[in-house]
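To start, the structure itself, in structure tokens.
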Amino acid sequence: MANKPSIPKGTRDFGPQEMLRRKYIFNTIEKVFQQYGYLPLETPAMEHLETLTGKYGEEGDRLIFKVLKRGAELERAMQDGGKSLAAEALRYDLTVPFARYVVQHQNELAFPFKRYQIQPVWRADRPQKGRYREFYQCDADVIGSTSLLNEVELVQLFDEVFLQLGLGVVIKLNDRKVLSGIAEISGQPDKVVDIVTAIDKLDKIGREKVEEEMRVKGVSDEAIARIAPLFALKGAWKEQRPQLEQWLASSTIAQQGLKDLAFVFEAAGQLKSAVLEFDPTLARGLDYYTGAIFEVKAAEGTLQSSICGGGRYDDLTGVFGLKGMSGVGISFGADRIYDVLLETGKFPAELRSSTRLLFANFGEAEALQCLKLVRAVREAGIAAELYPDKAKMARQFKYADDKDIPFVAIVGENELKQGIVTLKDMKSGEQRAVKEDELVATIRS
RNA sequence: GUGGAUGUAGCUCAGUUGGUUAGAGCGCCGGAUUGUGGUUCCGGAGGUCGCCGGUUCAAGCCCGGUCUUCCACCCCA
């Protein structure tokens, strides 16, 4: 019974220092979302199970955390053969709940509807580094517009966020239509998923294993041979484009995809800090992406997996009864961004606490005087606190040191008599007498 | 979901072929310094060796199970 307390697999506590850093990430992303005109949305942690199932593929369904029925309902379900023990489930991502929300509230929304959502999601995956069972997604989506300007805007949004976070990244771009075109050219358009999930692994396992995997999945040697030009692509987008146009000439869908990509590359223009790259092997989220596909990887640090994803999905709301609504969105993986920023030392140094001034406590009379000063300082917009107990100076200074508080105000018997404050700069160690009414101005300088 | 590693003080890790009171560094607490932290010196506290069971005269060490973390696959933020 007296076992050490613990938390479930793949979940984490976030201590104060960690939270200050996490909030820095969330705040940065949120600020940029708002700057780009996205509106906030929150949806419940739980959805009806049927809202979620079937939206993420077979693999996805397996990873949905189901919520057990309770009481008499559970009894009945168990007697019924235990087939439907759950009617609800924790959200798996933010996109499907968003689609559900849009359908439910379609008459109240102004389209194109741009929303952002920053909430945790849950997946019953086996945890690994950078992979958790509970983690935060920061999504921005536009629904009700087919314009490629949205894709352009999202690329610029990625760029802006990582510029502000000071992290070098590569934004990878592809288009589902190009992938469909490749399958079409191969002569086995019915094998798109198998072909595409195989070439998605190219940079990881190499050409030979990719071809082997396709063969295993039933792609003919002839089709594999027709895909070969993919491996011969050279250069960046500008050089790759003519090669792709030639190779995929007979596929109208591929040509459309290439045209769309060209528009995005051109309109996005020169990015501020991120690198925008075409990656024909990028194939995530096949279960609903239909146009653009995005992925962001850190250009620094050792985390190889992606830190953001996204793409366009035509008709995501269709399954909920609203047809013809195209949407495009992106998702920031805050937890992975945290890991990368920590590893690369990109967090601002002054994130340890918000307090700028600590009043030392010398006893009741002094403390009561400090209480007035604390109030005045706070009202002037400076975060300040009064040490609550009359403790040794060493303890109080150590407290300031631990919390990285830059200034300590000393108000003892002497100061009290003279109506002054001894202000110590914790970094330099210097201290000087300051009149009570000059305290705010001195800290500000 | 498949396969494989890992777990010793708050943290990072030692711990010999199984053998008496399980160690170090850092951190923490106290003192040198009753109005001064971050440096120095001295002292101290802190562990049912992840958990449960088994083998043995004897288990941190061997065996089984379980949980955690991590790695590969799968998939993905």
Side-chain angles (χ1 to χ4, degrees), chain A residues 1-12 15 25 29 56-64 91-95 118-139 193 197-198 200-201 204-205 209 213 282-287 289 293-298 303-311 329-340 358 360-363 366 387 390-416 421-431 433:
Chain A
M1 200 203 82
N3 276 343
K4 281 179 194 166
S6 63
I7 55 175
K9 187 201 301 214
T11 64
R12 295 149 303 153
I25 295 172
I29 292 171
Y56 310 106
E58 218 175 292
E59 185 73 15
D61 281 356
R62 213 189 66 210
L63 299 177
I64 293 171
R91 76 168 95 78
Y92 177 90
D93 72 354
L94 303 178
T95 309
I118 299 176
Q119 289 189 277
V121 302
W122 295 269
R123 294 184 189 178
D125 214 347
R126 198 183 277 208
Q128 268 181 43
K129 198 190 193 73
R131 172 186 275 192
Y132 309 99
R133 291 185 140 188
E134 178 184 61
F135 62 96
Y136 273 73
Q137 288 193 332
C138 312
D139 278 28
V193 174
T197 49
D200 187 40
K201 295 172 192 158
K204 214 169 178 182
I205 62 176
K209 294 213 166 151
E213 182 170 324
L282 182 63
R284 62 192 33 264
L286 275 164
D287 287 286
Y289 290 143
I293 303 172
F294 303 108
E295 178 176 280
V296 177
K297 283 188 173 179
L303 188 73
Q304 285 306 301
S305 43
S306 57
I307 56 177
C308 303
I330 55 173
S331 179
F332 290 80
D335 304 80
R336 288 186 179 175
I337 293 170
Y338 177 95
D339 290 346
V340 174
L358 174 75
N361 188 324
F362 279 80
E366 292 89 341
Y387 196 87
K390 183 192 174 187
K392 283 184 173 174
M393 280 293 89
R395 163 148 294 284
Q396 302 196 39
F397 276 102
K398 187 164 162 30
Y399 176 80
D401 205 38
D402 287 345
K403 284 184 79 172
D404 256 11
I405 297 171
F407 295 100
V408 174
I410 300 156
V411 182
E413 208 182 330
N414 300 337
E415 286 87 354
L416 201 59
V421 171
T422 300
L423 186 67
K424 174 160 176 161
D425 180 328
M426 292 297 282
K427 204 165 181 182
S428 66
E430 284 168 24
Q431 54 187 59

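Convention: sequence-line order gives letters A, B, ...; per-chain numbering from 1.
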Base, sugar-phosphate or nothing for [X]? Non-hydrogen atoms, less than 4.0 Å.
X	value
A:Gln137	sugar-phosphate
A:Glu415	base
A:Cys308	sugar-phosphate
A:Lys403	nothing
A:Gly130	base
A:Ala400	nothing
A:Ile410	base
A:Tyr136	nothing
A:Gly363	nothing
A:Gln431	base

Would you say the side chain of [Y] lies within less than 4.5 Å of the side chain of [X], judging by non-hydrogen atoms?
X	Y	answer
A:Tyr387	A:Arg395	yes
A:Arg133	A:Lys9	yes
A:Phe362	A:Glu415	no
A:Tyr136	A:Asp335	yes

Round to the nearest Å and state the distance from [X] atom [atom1] to [N] atom [atom2].
X	N	atom1	atom2	value
A:Ile7	B:G50	CD1	P	19 Å
A:Arg131	B:C76	CZ	C1'	6 Å
A:Trp122	B:C76	CH2	C1'	17 Å
A:Ile205	B:A72	CD1	C1'	13 Å
A:Glu213	B:C73	CD	P	11 Å
A:Gln396	B:U36	CD	P	11 Å
A:Asp125	B:G1	CG	P	11 Å
A:Lys398	B:U39	NZ	P	9 Å

Looking only at side-chain atoms of A:Lys204, point me to the closest of B:C73, B:C70, B:U36.
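Nearest nucleotide to the side chain: B:C73.
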Side chain of A:Arg123, heavy atoms from C-beta onward: which of B:G35, B:G38, B:A77 has the nearest atom to it?
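Looking only at heavy atoms from C-beta outward on A:Arg123, the closest nucleotide is B:A77.
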Distance between the [atom1] atoms of [N] and [M], in whole angstroms?
N	M	atom1	result
B:U8	B:G15	C1'	9 Å
B:U17	B:G60	C1'	16 Å
B:A45	B:U33	P	23 Å
B:C67	B:U20	C1'	32 Å
B:G25	B:U21	C1'	22 Å
B:A72	B:U6	C1'	15 Å
B:A5	B:A22	P	30 Å
B:G65	B:G3	P	12 Å

In terms of the nearest nucleotide of RNA chain B, which residue is placed more toward the 5' end: A:Arg336 or A:Arg62?
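The residue whose closest nucleotide sits nearer the 5' end is A:Arg62.
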5′-ward residue of the pair A:Ala124/A:Gly412 relative to RNA chain B
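It is A:Ala124 whose nearest nucleotide is closer to the 5' end.
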Could you walk me through whether A:Val121 and A:Arg91 pass the side-chain contact (heavy atoms from CB on, under 4.5 Å) check?
CA-CA 6 Å; A:Val121 302; A:Arg91 76 168 95 78; 4.1 Å; yes
Please name the nucleotide paired to [N] by Watson-Crick or G-U wobble geometry with both distances under 3.5 Å, or report none.
N	result
B:G37	none
B:U20	none
B:C51	B:G65
B:G3	B:C71

Quick one: do A:Thr422 and A:Gln431 satisfy side-chain hydrogen bond (donor to acceptor under 3.5 Å, both in side chains)? Show the steps, please.
CA-CA 7 Å; A:Thr422 300; A:Gln431 54 187 59; 5.5 Å; no
Given side-chain contact (heavy atoms from CB on, under 4.5 Å), test A:Leu358 with A:Phe407 step by step and report yes or no.
CA-CA 6 Å; A:Leu358 174 75; A:Phe407 295 100; over 6 Å; no
When only distance counts, do a donor and an acceptor, one from the side chain of [X] and one from the base of [N], lie under 3.5 Å apart?
X	N	answer
A:Asn414	B:G35	yes
A:Arg126	B:G3	yes
A:Lys424	B:G37	yes
A:Asp401	B:G38	no

In terms of relative ring orientation, are A:Tyr92 and A:Tyr56 parallel, tilted or perpendicular, with 30° and 60° separating the classes?
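Correct class here is tilted.
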Establish, with yes or no, whether the OP1 or OP2 oxygen of B:G37 is under 4.0 angstrom from a side-chain nitrogen or oxygen of A:Lys392.
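No, A:Lys392 has no side-chain N/O under 4.0 Å of OP1/OP2 on B:G37.
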For B:A77, take OP1 and OP2 only and decide whether either is under 4.0 Å from a side-chain N or O of A:Lys297.
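For A:Lys297, the contact criterion (side-chain N or O under 4.0 Å from OP1 or OP2 of B:A77) is not met.
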A:Ser306/A:Arg336 under side-chain contact (heavy atoms from CB on, under 4.5 Å): CA gap, chis, key distance, verdict:
CA-CA 8 Å; A:Ser306 57; A:Arg336 288 186 179 175; 4.3 Å; yes
Report yes if the ring of A:Phe135 lies under 5.5 Å from the six-membered base ring of B:A77 with planes under 30°, and no otherwise.
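So yes, this residue stacks on that base, both cut-offs being met.
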